[in-house]
Amino acid sequence: MKKRILPAVITGLCVLLFSVVHAQGPGPAVNISKIQIQPGALATKLVMETDGLLYVQRAYYLAESPQTLVLDLAGAQTASAPIVPSSEAAFIRDIQIQKSGTRDLRLIVRLSERVPARVIAETGRTVVELNRIQRAQGSYIIDAATQSELDRKAKSEILLSKLATTAGAESVSVKANLTGPAVTQVFALENPPRLVVDLFDTVLTVKPDVWPIDDPRSTVQRVRVAQFQGAAPRPITRMVFDLKEAGLYAMDSRTDGLVISFYPAAAVSVVQPAPPPAPAPVPTPAKSEPTAAPKIEPKAEAKTVTTEALLPPREVAAPAQEPKAAAAKDQQGKFEPQTISGEEAKYSGDVISLKLKDSDLRDVILYLAEFAGLNVVFDPDVRGAVTVNLQDVPWDQVLDIILKQNKMGKTIEGNILRIAPVSVLTREEEDQRRLTESKELAGPVIVKTITLSYSKAKDVAGLLRSKISTRGEMIVDERTNTLLISEVRDKLDLLEKLITVVDTPTPQVSIEARVVEASTTFVRNLGIQWGFKGIADPFYGNATSLQFPNSVFVNGALIPQGEVTKGIGGPLGGYAVNLPAPAFNTALGFSFANVLDTFRVDIALSALETGGDGKIISRPSVVTQNNQQAEIIQGRQIPVQTVANFTVTTRYVNAALELRATPQITAEGTIIMTIEIQNNAADFANLVNGIPPITMQSAKTTVMVPDGGTTVIGGIYRTEDSVTRERVPFLHQIPILGSLFKNFARTKQSRELLIFITPRIIK
């Protein structure tokens, strides 16, 4: 029988012992519409009706409260509060549902005693079956559900031909080979604890025997099989499992047999896409009136039992995703706090409620010690009174508060609790400290060399010098990167642990930047030039026939003959209206004259239209270690000379693409970066004293980016739109003819700059 004894999908009456499922995505939460308790003669069932497949992420009995069963429900929600019927109040003390994280629930079931339990996954509901211990059983009892199943099934003889046991890494399994599916009934007995499985209509064809279970981790010691009942009224084969303690089990009914699996008290995880979170501390319940008996709550730390998982195909992690999940786990593990020396005080005892007035201090401590199962020794000077009203507080915290109130202290050695005044304990601790120091100073000095791989020995020595004792010495050999340590045994062990934590490889980050610059230009120019010249003179025979004026000369060209200052030239050498395009590459001229050339008109039209698009992409990339600055520069340096006191000084200014980045990897796998990027260029078209000015594009910021993600750390969008008109006053306003007295120039420019950053952690 192989390690995975439960199949991936079980149809019909399948039995599942607590699935371990970590959802790959944040799918919709499963709604628990109803929670009810169904009492039975042999077992009590806790039924949760749902609208989907409910995943029991973890299930376990609490180590410090063995009668408390906890189920962590992944991706579940409910508005239903379970109500314990009065008939079950003696067995099920209390049931609570608490939020665990943002999407999970925690179901806490407090029982009067620890009993075997299993989870049965059915369509639309999940059943937690608690097998009650049967005491003083007068006659054989058949549960109502079992009887109903027997009535529906036709009688047919089933043979049990073989029994085999398999001890796997996660469970101990017993398989009974059957010729067909059998109706089963399960109940529990005590003295010693036993789990009994009856197989109806089943005949044992092998000799009754006992099979021992040699696995020390298992909760079952041995299994016994015999024919409990003969042919009348129906044959029953009984399998009895002798247990070390009541725990968690699973049953799988197949066509070829029945498989019963028992799970050890240690935590087990068969299918685990991601490490399950540690159990969160149980929130304090709502305040209630104190009762005579203290109210027990589960502690935060617990030993857990998690069983083989029943996963639908869509939930199984693809092999390609496993390395990524493992890398994420390792990444988070590097940032988890590690306790090298010393322990932080935590209250982990079962919670109680106390309401006392002027009670004797010794009596209260005796009550708490009896509750915790400790022996007590009092110093003769212990005395005082206690008045408290505490609700749902761990017993060890209650003890500390009461002792502080009365200026008393405690020590615990094994299961003996000693109470004495603080001054007495302080004096004893001081004496003990001096004794420890004297032993430490008197012990032998050990010399050890430690060669570091990833850290500088000089840096590590600076961190550890405060941990060296008065007899210790640490020498750094920079040539071989080795620490030479002379120290007593206890201090040397501490230094080695610290060096193991410090001397670890530093992850590297690849940072890629992209500077994208896009520009668009559009220019349109229109202009006109025109002039005229007219002569009326007897020389040409076109005099005015008047005494005055007898001859007339009209010159419509502003510029004298042969002098043209702008635009294009014409026969007249100039124009009365001289408004050419500011810049043009196309011109068209007209010249009209009479036969004698006594009247001439010159017209010139100039135009220009240009457009352009440009894109520049700069892509610097650099690799650096975590928390170390990286720098990369590509471009040119411009020499700039200055003269002071007859001394010429030359300095160089970068006109280059520069990237400076300092990454910091977080526990979640994201990257915080301090980035400074510049994309400067020299403008040789606009020299100043022979030195080109620098066109600057830069950004400096601190951002957090996911591993492999891309973010825009900066952007500039600049648009210019200008219109220029030159015109003759008043005349340009003449309708239609006004166009002969003006020109037009339009320039549109747009420039866009974006800076992208993409960091990647090098695995």
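In this text the structure is predicted, and so the values were computed from the model without any measurement. Just so you know, these numbers use all the heavy atoms, side chains as well, and skip hydrogens, waters and symmetry mates.
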Determine all donor-acceptor pairs shorter than 3.5 Å in which one atom belongs to a side chain in residues 689-698; sequence neighbours excluded.
from: Q697; atom 1: OE1; to: N679; atom 2: ND2; distance (Å): 3.2
from: Q697; atom 1: NE2; to: E517; atom 2: OE1; distance (Å): 3.3
from: Q697; atom 1: NE2; to: E517; atom 2: OE2; distance (Å): 3.2

Qualifying residues under side chain to side chain contact (heavy atoms under 4.5 Å, CB included), relative to R746, sequence neighbours excluded: D721, V723, F744, K748
Pairwise ring-ring contact (aromatic ring centres under 6.0 Å, His included) hits with a residue in residues 508-531, at least two apart: W530-F741
Side chain to side chain contact (heavy atoms under 4.5 Å, CB included) partners of A518, counting only residues at least two apart: none
Side chain to side chain contact (heavy atoms under 4.5 Å, CB included) involving A76 - partner list, sequence neighbours excluded: I32, L54, L73, L105
Of all pairs that satisfy salt bridge (charged side-chain N to carboxylate O under 4.0 Å, His left out), the ones with a partner from residues 687-698, not counting sequence neighbours: none
ring-ring contact (aromatic ring centres under 6.0 Å, His included): pairs with one or both residues in residues 715-737, sequence neighbours excluded: none
Qualifying salt bridge (charged side-chain N to carboxylate O under 4.0 Å, His left out) pairs, either residue in residues 632-642, two or more places apart: none
Residue list, side chain to side chain contact (heavy atoms under 4.5 Å, CB included) with L588, at least two apart or on another chain: F590
Pairs where residues 450-461 contributes a residue and the test side chain to side chain donor-acceptor pair (under 3.5 Å) is met, not counting sequence neighbours: T451-T482
Pairs where residues 580-605 contributes a residue and the test salt bridge (charged side-chain N to carboxylate O under 4.0 Å, His left out) is met, not counting sequence neighbours: D597-R600
Under the salt bridge (charged side-chain N to carboxylate O under 4.0 Å, His left out) test, residues paired with R619 that sit two or more places apart: E512
